[in-house]
Amino acid sequence: MKQARLLFSMMGQPALVKLGTRLTPWAIKSGLPVKGLIRSTIFKQFVGGETLEETAKVAARLGQYQVQVILDYGVEGGEDSEKEYDHAADEFIRVIDYAATQSNIPFMSVKVTGFSRFALLEKIDGLMTAASGTLIKRYLQVTDQLETAEKEEWHRVRTRLLRICERAAEKKVGVLIDAEETWIQDPVDALTILMMDSFNKTTPVIYNTVQLYRHDRLQFLKDCYDAAAERNFLLAVKLVRGAYMEKERARAADRGYASPIQPDKASSDRDYDAGVQFSLERLNRIALVIASHNEKSNLDAVAWLQQHRVPLHHPHVHFSQLYGMSDNITFNLAAAGCSVSKYLPFGPIDDVVPYLMRRAQENTSVKGQTGRELGLIKKELQRRK
């Protein structure tokens with residue numbers, strides 16, 4: 001806890017975080033001897049381990065307190081190599097196979113950028129933005145217009161995701177498709193919805209991630225529900241506030257387009273809570289993961305379940321927080337009888353550095369987050385004296 005206190009104290013200093021998030025990736029790529037420092041600080045706080053075997057020990061310890069786990073092989077934005085992409089897909093499948101043997105690992109997480117070239121996603125997204133029609137119609141129109149080599153490359157991406165989803169359905173493990181930056185999100189959404197249409201007919205297997213710090217996502221959630229009702233599949237969603245706020249605003253300002261991000265935190269909170277309520281009111285068609293570090297959002301969701309006499313452990317309602325943060329929320333939800341998990345990434349330090357840099361940036365940019373974590377840690381340390 002003393003180490004956590006030091007870490008969150010450092011993350012409360014924006015200038016230090018800005019410098020660290022720039023220097024750390026460079027130092028890793030340059031081969032400087034910094035891995036030991038990273039491993040003993042931010043890696044230890046937010047990551048389960050470098051291997052699945054190391055992470056299994058953390059998952060087992062959480063299970064002792066009725067806390068479940070979302071396993072995440074933390075690769076993203078790989079080396080633009082088909083061999084590396086195939087290896088990432090194989091690792092995701094290995095995670096599914098392991099999760100299926102554990103009673104407290106109902107989900108695993110996948111980033112499409114782990115097995116797809118970023119530039120290809122960006123090209124497809126740009127073409128989809130310029131096209132007209134529904135998301136799926138735009139997707140099918142655009143992918144049909146790709147050059148032959150790009151069509152073949154995209155087919156390999158789809159095949160990797162299909163393999164992952166097929167194994168997950170076979171092993172009865174939920175797959176949470178992570179959200180990406182807005183300029184590559186459309187093809188990820190389209191792929192995910194098509195997989196839901198195939199695998200979510202009777203039980204939720206494939207989940208999309210909806211970032212409510214985007215001002216268009218509440219309507220997107222409602223449109224997805226309409227599509228699920230029309231196509232007769234279960235819509236499965238993980239609702240989050242978001243992970244790329246600073247990057248999104250900077251890119252929009254640099255390129256002269258309207259920011260996709262909500263104008264203020266109050267707007268994000270409003271849409272997030274509206275999205276949760278919209279989903280809770282439709283549990284016959286929606287399976288929901290409430291992934292939030294906001295005490296009020298979690299309390300409101302539990303209060304709604306109690307008020308409407310819906311079991312706290314309803315199979316379509318799950319709560320989740322990141323490993324290394326908001327333990328006060330996670331363990332209290334577990335003690336109350338809710339289905340709740342820690343999002344637990346693992347992987348070699350080189351692979352998880354992008355994830356760790358986002359954690360540092362988020363804790364600095366989200367008003368009050370670092371202060372809340374630090375205040376709770378200090379309070380607990382004082383209690384233990």
Side-chain angles (χ1 to χ4, degrees), residues 112 121-122 124-143 176-197 200 204 206-245 247-249 251-252 255 257-292 294 296-297 300-301 304 316-318 320 366:
V112 174
L121 289 166
E122 190 170 10
I124 295 172
D125 187 281
L127 293 171
M128 287 178 67
T129 300
S132 59
T134 66
L135 178 75
I136 300 301
K137 285 181 180 177
R138 289 186 288 119
Y139 166 79
L140 294 174
Q141 174 187 336
V142 164
T143 52
L176 309 180
I177 309 294
D178 268 0
E180 306 280 358
E181 293 90 339
T182 53
W183 57 95
I184 64 169
Q185 185 64 46
D186 274 3
V188 174
D189 284 335
L191 262 185
T192 306
I193 290 169
L194 290 171
M195 293 297 166
M196 283 190 204
D197 192 19
N200 287 14
I206 312 303
Y207 289 69
N208 200 8
T209 300
V210 180
Q211 301 190 104
L212 275 307
Y213 78 155
R214 286 181 55 173
H215 54 66
D216 63 344
R217 291 293 93 174
L218 182 57
Q219 185 59 52
F220 172 76
L221 173 65
K222 294 176 180 179
D223 292 342
C224 289
Y225 172 79
D226 290 341
E230 180 182 339
R231 295 285 303 173
N232 193 30
F233 64 85
L234 289 169
L235 175 64
V237 289
K238 178 180 73 170
L239 300 187
V240 303
R241 278 173 169 79
Y244 303 100
M245 183 169 64
K247 183 191 291 188
E248 292 281 0
R249 284 180 174 155
R251 186 178 191 268
R255 303 198 177 196
Y257 62 85
S259 172
I261 305 305
Q262 301 271 17
D264 49 44
K265 185 177 184 300
S267 300
S268 296
D269 292 342
R270 178 201 63 222
D271 277 14
Y272 188 88
D273 292 339
V276 170
Q277 182 162 343
F278 177 87
S279 302
L280 289 174
E281 291 172 349
R282 294 162 177 82
L283 291 179
N284 62 320
R285 176 70 63 184
I286 298 181
L288 170 68
V289 177
I290 303 168
S292 174
N294 183 290
K296 184 177 184 300
S297 292
D300 285 352
W304 190 96
H316 284 189
V317 181
H318 188 83
S320 186
V366 177

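With R214 contributing its side chain and P260 its backbone, the two residues share no donor-acceptor pair below 3.5 Å. Side-chain atoms of N208 never come within 3.5 Å of backbone atoms of A236 as a donor-acceptor pair (strictly under, hydrogens ignored).
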Test S320 against V289 for side-chain contact (heavy atoms from CB on, under 4.5 Å), laying out the working first. CA-CA 7 Å; S320 186; V289 177; 4.1 Å; yes
What's the verdict on side-chain contact (heavy atoms from CB on, under 4.5 Å) for I286 and L234, showing C-alpha distance, side-chain angles and the deciding distance? CA-CA 6 Å; I286 298 181; L234 289 169; over 6 Å; no
Run the side-chain contact (heavy atoms from CB on, under 4.5 Å) test on V210 and V240 for me, step by step, so that the C-alpha distance in whole Å, both residues' side-chain angles and the decisive distance to 0.1 Å come before the verdict. CA-CA 6 Å; V210 180; V240 303; over 6 Å; no
Between Y139 and T134, does the side-chain contact (heavy atoms from CB on, under 4.5 Å) criterion hold? Intermediate values first, please. CA-CA 8 Å; Y139 166 79; T134 66; over 6 Å; no
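Across all their heavy atoms, P263 and R249 have their closest contact at O-NH2, 4.1 Å. Of all the heavy atoms in L239 and V276, the pair that sits closest is CD1-N, 3.6 Å. Between I124 and P187 the shortest heavy-atom distance is CG2-CB, 3.8 Å. D271 approaches Q262 most closely through the heavy-atom pair OD2-NE2, 2.8 Å. In terms of heavy atoms, Q211 sits closest to G242 at OE1-CA, 3.4 Å. Contact detail for N232 and R285: the closest heavy-atom pair is OD1-NH1, 3.3 Å.
In this structure, the separation between CG on L140 and CE on M128 is 8.5 Å, given to the nearest 0.5 Å. Rounded to the nearest 0.5 angstrom, H316 NE2 and S279 OG are separated by 12.0 Å. Atom CG of D300 sits about 10.0 Å away from atom CD1 of I290, to the nearest 0.5 Å.
Shown are V112, V237, I177; of these, the side-chain contact (heavy atoms from CB on, under 4.5 Å) with T192 is made only by I177.
Both the sub-6.0 Å distance and the 45° axial angle are satisfied by R282 relative to the ring of F278. Taking the centre and axis of the six-membered ring of Y213, the NZ or CZ atom of R241 falls outside the cone set by 45° and 6.0 Å.
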Could you go through residues 217-228 and list every donor-acceptor pair under 3.5 Å that involves a side-chain atom there, pairing it with any protein atom two or more places apart or in another chain?
unit_1 : atom_1 : unit_2 : atom_2 : d
R217   : NH1    : D189   : OD2    : 3.1
Q219   : NE2    : D223   : OD1    : 3.0

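Between S259 and E248, the side chains place no donor N or O within less than 3.5 Å of an acceptor N or O (distance only, hydrogens not considered). No donor-acceptor contact under 3.5 angstrom links the side chains of Q185 and D125, judged on distance only.
Looking at residues two or more places apart in sequence or on another chain, you find a side-chain hydrogen bond (donor to acceptor under 3.5 Å, both in side chains) between K247 and E181. Residues passing the side chain to side chain contact (heavy atoms under 4.5 Å, CB included) test with E122, sequence neighbours excluded: F118, W183, I184, R251.
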